[in-house]
Amino acid sequence: MINYIDFWRHGRAVECTGLENQQGCKPFRGSNPLASAMSNPRVRFAPSPTGYLHIGGARTALFNWLFAKQNNGKFLLRIEDTDLERSKEKYVNQITDALKWLGLNWDEDIILQSKNNSRHQEMVSRMLKDGTAYKCFLQKDELDKLRRESEKKKEVFRVPRTYRDLPVEKEKELIKKGKSFTIRIKVPDGETEFNDLVYGSIKVQNKDLDDFIIARSDGSPTYNFVVAVDDADMKITHVVRGDDHLANTPKQILVYRALGLDEPIFAHLPMILGSDKKRLSKRHAATNVQEYKEKGFTPKVILNYLSLLGWNPDSDQEIFNENDLVKSFQFQQVQKKSAVFDEKKLLWISQQHLSEMNVRDLMNEIYVLSPGWGDGLEWDYLKEVVKLIKDRCKTIKEVATMSELFFTDKIDYDPDLLSKTFNSESIAIIKDFHTALNTVEDWSRVELENIFENIMEQHEVVIGKVMKPIRVALSGIPFGPGIFDLILLLGKDVCLRRLRHTLLEIE
RNA sequence: GGCCCGUUCGUCUAGUGGUUAGGACUCAUGGUUUUCAUCCAUGCAACAGGGGUUCGAUCCCCCUACGGGCUGCCA
């Protein structure tokens, strides 16, 4: 007996009896028509617009993008918006905004999956016509019951193939009676194997797969069907996605084969976990790419850190720009195990980037983060401010925040800090310093150093005792740029005013 | 339950049939620095467990445990 002939369409009809060896049923191997596509791969990122772009999605997008850039290919974006309930247009915008901000620009127009509906229907019909799929009249409650029963008996539940080879007349009869049906794929005997670029060879026995549904009773096609059709239509050569899809892949391959479509190459990426080793979810501290923007991380920093999660460059290099990444990226170096997201390391990467960033670029990043930053102040002054504090900051946000002390007229002193810093001795020092500053003629570093030395002598103290109270009085914080730089940049008037202000606060 | 995948310092990772199991982040200590940060030095810290194979296993094989994914008329 011949099972549905020509199920696999590989230029030749193959008869699978289920008894012969599996080789005959296996698809092309060495003659993979996609081999030539290596030079111009087409990859895609396919998020569902049911939420913001999270950090795991960003990494998936990044690896796709890197691979495309590296091989002179195309990086495409497909929005999987077929879940009408949960899909929202605002999320589409959030996702595209986040991708743009990261610099992961896509080629060609965005594909909305929902727009492909008629194409999906067409393909479902084709499978029905070809006999690679069938109408299944099992009702949901029947299935639920069967499932419960096998669970009770501790048996493995399998969807019964009751309607798989139903004569046409009987089918018509059932439809006439108003019985609803789903459409299931006829999973062939044998096994399905594929070679994942990250995980290597993956093999499953087809008997472990049910005749899964490709179209629901309302006619809408299901994910594992649609994704295969869309990827094929988009001529995707490499499917790069999270490893939560690893187990779905054989099903999708079955769809490709049933439809005679070219199979892509697959590469599955390990998951990103939270610090509790649980899959990164909304429950975790920050998973939204947007949040990292707000925290003051630049796109380059995010990309750099994300690339190191689950991938290693086969060298000691840890700081990368996009070009380095494009050059070094390799699926062979992608880890199989999931990785924990570590914000400490992110901060370190960020700091490394900041220290290498020139002041101008840094200022532009600050403007992206907070457009009103330094309003009304001169560019040159702002530049000096940034130059002075950038080496002490880990994020753009920190630079923006710390720079405030150069902008505001009035500093909000922390009472605890004041009481810790000031006693009768330091108050006297502040007063003396105020007097000296007031009368100084030459506003220079040398002159300031002289003043400091005089005070140290007068009060018989080390420089720390002079510097600390002055620093707190001038900046409101117990650390920061060199004291003379601070004074010189703030200017005489501001310094005098802040010294007086401090004295008022503590007295 | 079944199937698939995984398991090296707290974290990201390198590594090999014989290594003092390497690096980075974090943390601790010391040094440099007018403070802080940087920087430098030092230190703490890992092969999940059990069986094999082997002269010898972190590395190869098997089992167990643990973790994750899939198993849906979600995507």
Salt bridge present between [X] and [Y] (N-O < 4.0 angstrom):
X	Y	result
A:Glu80	A:Arg78	yes
A:Glu343	A:Lys295	yes
A:Lys387	A:Glu384	yes
A:Lys152	A:Glu149	no
A:Arg184	A:Asp210	no

OP1 or OP2 of [N] sitting under 4.0 Å from any side-chain N/O of [X]?
X	N	answer
A:Arg147	B:G1	no
A:Lys277	B:U11	yes
A:Arg158	B:C3	no
A:Lys337	B:U8	yes

Nucleotide [N], atom [atom2] - distance to [atom1] of [X] in whole Å:
X	N	atom1	atom2	value
A:Lys345	B:C25	NZ	C1'	4 Å
A:Phe194	B:C70	CZ	C1'	12 Å
A:Ile349	B:U26	CD1	C1'	13 Å
A:Lys394	B:A37	NZ	P	8 Å
A:Lys251	B:C73	NZ	C1'	13 Å
A:Asp243	B:U7	CG	P	12 Å
A:Trp348	B:C25	CH2	P	5 Å
A:Arg279	B:A75	CZ	C1'	11 Å

Taking [M] as the reference, what is the distance to [N] when you measure between their [atom1] atoms (whole Å, please)?
N	M	atom1	value
B:G1	B:G43	C1'	50 Å
B:G50	B:C66	C1'	14 Å
B:G69	B:G17	C1'	33 Å
B:C40	B:A46	P	25 Å

For [N], which nucleotide in any strand shown is its Watson-Crick or wobble partner with both distances under 3.5 Å?
N	value
B:U58	none
B:G67	B:C5
B:A41	B:U29
B:U19	none
B:A24	B:U11
B:U53	none
B:C74	none

Heavy atoms under 4.0 Å, any strand shown: does [X] hit a base, just sugar-phosphate, or nothing?
X	answer
A:Gly242	nothing
A:Ser48	sugar-phosphate
A:Leu306	nothing
A:Thr82	sugar-phosphate
A:His245	base
A:Pro270	nothing
A:Tyr199	sugar-phosphate

Nucleotide nearest [X] when distance is taken to its side chain, options [options]:
X	options	result
A:Gln335	B:U13, B:A75, B:U34	B:U13
A:Ala247	B:C70, B:C12, B:U11	B:C70
A:Asp208	B:C3, B:A75, B:U34	B:C3
A:Ile202	B:A75, B:C4, B:A37	B:C4
A:Ala339	B:C4, B:C74, B:U13	B:U13
A:Asp342	B:C25, B:C36, B:U34	B:C25
A:Asn248	B:C70, B:C74, B:G2	B:C70
A:Phe479	B:A75, B:C36, B:U13	B:C36
A:Asp316	B:G23, B:U71, B:C25	B:G23
A:Arg392	B:C36, B:C70, B:C73	B:C36

- request: Please tell me which of A:Asp244 and A:Val340 maps to the more 5' nucleotide of RNA chain B, matching each residue to the nucleotide holding its nearest heavy atom.
  value: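 So the residue in question is A:Val340.
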query: Pick the nucleotide of RNA chain B nearest each of A:Met271 and A:Gln205; which residue has the one closer to the 5' end?
result: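 Its nucleotide being nearer the 5' end, the pick is A:Gln205.
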- request: Establish whether the base of B:C73 is bridged to the side chain of A:Thr222 by a donor-acceptor pair shorter than 3.5 Å.
  value: no
- request: Using distance alone, with no hydrogens and no angle criterion, decide if A:Tyr413 and A:Thr502 have a side-chain donor and acceptor under 3.5 Å apart.
  value: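 The answer is yes; a qualifying pair exists.
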message: Pairing donors with acceptors under 3.5 angstrom, does anything connect the side chains of A:Gln113 and A:Asp81?
response: no
message: What verdict does the ring pair (Phe, Tyr, Trp, His ring centres under 6.0 Å) test give for A:Phe63 and A:Phe329, after you've listed the backbone C-alpha separation in whole Å, the side-chain angles of each residue and the deciding distance to 0.1 Å?
response: CA-CA 8 Å; A:Phe63 283 17; A:Phe329 181 75; 4.9 Å; yes
field: Any residue meeting salt bridge (Lys or Arg N to Asp or Glu O under 4.0 Å) with A:Asp391, in chain and number order, not counting sequence neighbours
entry: none
